[in-house]
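These notes are about the structure you will find just below.
Reckoned from all heavy atoms, side chains included, excluding hydrogens, waters and symmetry mates.
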Amino acid sequence: MTVHNLYLFDWNGLCLHYSEWHHKRQAGIPKEEEYKLLFSICSFVSKASLLGMKDGFLAFQTSLYKIHYYGTPTGIKVVMNTDLGMGPIRDVLHHIYRALSMELVVKNPLRLLGQTAK
């Protein structure tokens with residue numbers, strides 16, 4: 001199973017972090033456009049759901065890859081693109097948010113708001 005890339009977006013859609021592994025070609029669109037696409041999918045899923053969605057939008061699958069999504073109460077969005085063989089990874093995305101994003105980015109006193117983490 002392959003992880004292609006990982007995004008961390010803030011509540012305004014600013015890309016806080018981007019990492020890439022085993023990705024054969026670039027998407028060709030800016031990270032902000034990827035956020036808008038993800039936001040549109042989340043909005044559509046929440047409006048189209050007949051039942052109350054307890055967990056909300058979790059993943060979206062195409063014929064080539066799978067997009068996993070984890071939205072936090074603070075507005076941070078963790079997005080991971082993987083191959084199709086990857087199962088549910090909500091717990092992994094939560095761990096990335098809690099252990100990495102919160103500890104290394106949000107609680108970092110040297111980081112300026114709106115600054116991209118590298």
Regarding Thr2 and His4, do their side chains bring together a donor and an acceptor under 3.5 Å, going by distance alone?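 The criterion, which ignores hydrogens and geometry beyond distance, is not satisfied for His4 and Thr2.
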Side-chain heavy atoms of Met80 within contact of Leu93, under 4.5 Å: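 The answer is yes, as the side chains (C-beta and beyond) meet within the 4.5 Å cut-off.
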Going by heavy atoms in the side chains, are Leu6 and Val79 under 4.5 Å from each other?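 A side-chain contact under 4.5 Å is absent here.
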Asp10 side chain vs Ile76 backbone, donor-acceptor pair below 3.5 Å: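 Between the backbone of Ile76 and the side chain of Asp10 there is no qualifying donor-acceptor contact (under 3.5 Å).
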Find out if a path of hydrophobic residues (ILVMFWY) with successive side-chain heavy-atom gaps under 4.5 Å connects Leu84 to Trp21.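 Result: no, two separate clusters.
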Find the distance between CG (Asn5) and OG (Ser19) and round it off to the nearest 0.5 Å.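 Rounded to the nearest 0.5 Å, the CG-OG separation comes to 9.0 Å.
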Hey, what do you get for NE2 (His95) to CD1 (Ile89), rounding to the nearest 0.5 Å?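 Those atoms lie 12.5 Å apart.
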Set of ring pair (Phe, Tyr, Trp, His ring centres under 6.0 Å) partners for Phe9, sequence neighbours left out: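 Ring pair (Phe, Tyr, Trp, His ring centres under 6.0 Å) check on Phe9 returns Tyr7, Tyr35.
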Going by the side chain to side chain donor-acceptor pair (under 3.5 Å) test, which pairs reach into residues 64-73, not counting sequence neighbours?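 Output for this query lists His68-Thr82, Tyr70-His94, Thr72-Thr74.
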